[in-house]
Amino acid sequence: MSDTVERTFIAIKPDGVQRGLVAKIIAVFEQRGYKLVAIKMVCPSREHLEVHYDDLRGKPFFQGLIEFMKSGPIVAMVWEGLDVVRQGRKLLGATNPLESEPGTIRGNFAIDTGRNVCHGSDSVKSAKREIAHWFNNDELCDYNLELKKSIYE
């Protein structure tokens with residue numbers, strides 16, 4: 001594999017968990033060929049969420065977003081693979097589900113921006129920050145994906 005193997009942070013938001021979409025969302029990433037290196041269900045604190053969404057702090061929807069994200073469990077994951085940050089965003093679809101292509105997670109499972117079922121890192125830099133914020137190093141599993149020779153040259 002090349003130097004563009006990356007890790008990204010993907011979170012299934014409370015609406016995705018409540019709607020029973022966890023397995024379907026995981027399947028999208030697995031079927032694409034990405035390697036799951038960390039997963040946990042969490043009920044994060046307000047403080048944890050405010051740090052995660054710090055770049056949105058001045059937005060009028062910030063407090064509502066924090067309240068929503070505190071409304072139920074979140075499935076936090078780290079995925080690894082070739083260009084996974086950019087490709088993960090493509091798999092999720094546009095932030096506004098009405099602008100998402102059919103076949104994307106949001107295009108298939110969401111209608112409203114405020115209930116768009118998933119969060120995905122938007123850059124390699126933010127992925128590194130988000131992964132470190134949600135996971136300790138000992139929670140990240142480095143292992144050989146046996147299918148790698150069927151996915152990569």
Side-chain angles (χ1 to χ4, degrees), residues 5-97 100 103-148:
V5 171
E6 308 164 339
R7 287 184 172 174
T8 194
F9 175 75
I10 301 291
I12 302 173
K13 297 178 180 181
D15 53 327
V17 174
Q18 290 289 337
R19 292 179 54 203
L21 299 174
V22 174
K24 290 178 180 179
I25 292 167
I26 289 172
V28 169
F29 283 85
E30 286 181 328
Q31 289 168 355
R32 180 67 187 262
Y34 291 118
K35 179 172 80 171
L36 181 63
V37 297
I39 185 170
K40 62 184 173 182
M41 181 178 276
V42 294
C43 294
S45 68
R46 171 180 300 283
E47 294 77 21
H48 187 88
L49 291 166
E50 286 178 351
V51 169
H52 176 80
Y53 286 114
D54 189 56
D55 60 323
L56 302 175
R57 190 174 296 273
K59 304 286 186 185
F61 58 83
F62 180 75
Q63 288 305 321
L65 172 63
I66 299 302
E67 288 304 316
F68 168 66
M69 293 296 286
K70 282 182 45 46
S71 71
I74 294 167
V75 175
M77 302 175 286
V78 178
W79 291 91
E80 181 180 282
L82 187 65
D83 197 33
V84 72
V85 174
R86 189 169 62 94
Q87 297 304 317
R89 297 283 292 187
K90 285 184 177 184
L91 291 173
L92 293 181
T95 301
N96 179 347
S100 292
T104 64
I105 292 167
R106 292 173 177 149
N108 287 351
F109 302 123
I111 296 172
D112 190 274
T113 302
R115 300 295 181 267
N116 65 4
V117 303
C118 283
H119 164 85
S121 300
D122 62 3
S123 69
V124 173
K125 182 180 177 181
S126 66
K128 288 177 181 177
R129 180 184 58 81
E130 291 171 350
I131 291 167
H133 182 64
W134 289 85
F135 291 92
N136 296 321
N137 279 337
D138 64 351
E139 294 177 297
L140 303 172
C141 299
D142 285 316
Y143 64 97
N144 186 32
L145 183 64
E146 295 299 325
L147 295 174
K148 187 164 67 174

>> Using the rule given for side chain to side chain contact (heavy atoms under 4.5 Å, CB included), can you reason through Lys128 versus Val124, listing the C-alpha separation, both sets of side-chain angles and the distance that settles it, and then say yes or no?
In response: CA-CA 6 Å; Lys128 288 177 181 177; Val124 173; 3.9 Å; yes

> Does the pair Arg86 and Thr8 meet the rule for a side chain to side chain contact (heavy atoms under 4.5 Å, CB included), with working shown?
Replying inline: CA-CA 9 Å; Arg86 189 169 62 94; Thr8 194; over 6 Å; no

>> If you apply the rule side chain to side chain contact (heavy atoms under 4.5 Å, CB included), what do you find for Arg46 with Leu49, and how did you get there?
In response: CA-CA 5 Å; Arg46 171 180 300 283; Leu49 291 166; 5.9 Å; no

> Are His119 and Ile74 close enough, and set up right, to give a side chain to side chain contact (heavy atoms under 4.5 Å, CB included), and what steps lead you there?
Replying inline: CA-CA 10 Å; His119 164 85; Ile74 294 167; over 6 Å; no

> Can Asp112 and Lys13 be said to form a salt bridge (charged side-chain N to carboxylate O under 4.0 Å, His left out), step by step?
Replying inline: CA-CA 13 Å; Asp112 190 274; Lys13 297 178 180 181; over 6 Å; no

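When side chains are defined from C-beta on, Val22 counts as touching Val17, because their heavy atoms get closer than 4.5 Å. Ile10 is not listed as a side-chain neighbour of Leu91, based on a closest heavy-atom distance of 4.5 Å or more. In this structure the side chain of Glu80 never reaches within 4.5 angstrom of the side chain of Leu145, judged on heavy atoms.
Judged by distance alone, with hydrogens and angles left aside, the side-chain atoms of Asn116 form no donor-acceptor pair with the main-chain N or O of Pro97 at under 3.5 Å. Within the 3.5 Å criterion, the main-chain N or O of Val84 finds a donor-acceptor partner in the side chain of Glu6. In terms of modelled atom types and a separation under 3.5 Å, the side chain of Arg89 and the main chain of Ser123 share no donor-acceptor contact.
In this pair, His52 and Trp134 present their aromatic rings perpendicular. The plane angle is above 60°, beyond the 30 to 60° band.
Note that the CD atom of Glu130 and the NZ atom of Lys125 stand 12.0 Å from one another [nearest 0.5 Å]. Distance check: Ile12 CD1 to Ile105 CD1 gives 7.5 Å after rounding to the nearest 0.5 Å. Between atom CE of residue Met69 and atom CG of residue Asp15 there is a gap of 8.5 Å, rounded to the nearest 0.5 Å. Of the inter-residue distances, the one linking Asn144 atom CG with Lys35 atom NZ reads 7.0 Å to the nearest 0.5 angstrom. Met77 contributes atom CE, which lies 8.0 Å from atom CZ of Phe9 (distance to the nearest 0.5 angstrom). Distance check, rounded to the nearest 0.5 Å: CZ of Phe109 to CD1 of Ile25 gives 7.0 Å.
Aromatic ring centres of Trp79 and Phe29 lie closer together than 6.0 Å.
For the residue pair Lys70 and Pro44, the shortest heavy atom distance occurs at CG-O, 4.1 Å. The shortest non-hydrogen separation linking Ala110 to Arg115 is CB-O, 3.6 Å. Closest of all the heavy-atom pairs between Pro14 and Gly72 is CG-O, 3.6 Å. For Val85 against Arg7, the heavy-atom pair with the smallest separation is CG2-O, 3.6 Å.
A cation-pi arrangement, defined by a distance under 6.0 Å to the six-membered ring centre and an angle within 45 degrees of its axis, is absent between Lys59 and Tyr53.
Applying the 6.0 Å contact sphere to CG of Asp55 captures more than 12 heavy atoms from other residues, nucleotides or ligands. Under a cut-off of 6.0 angstrom, the local environment of CD1 in Ile111 is sparse, with at most 12 non-hydrogen atoms contributed by other residues, nucleotides or ligands.
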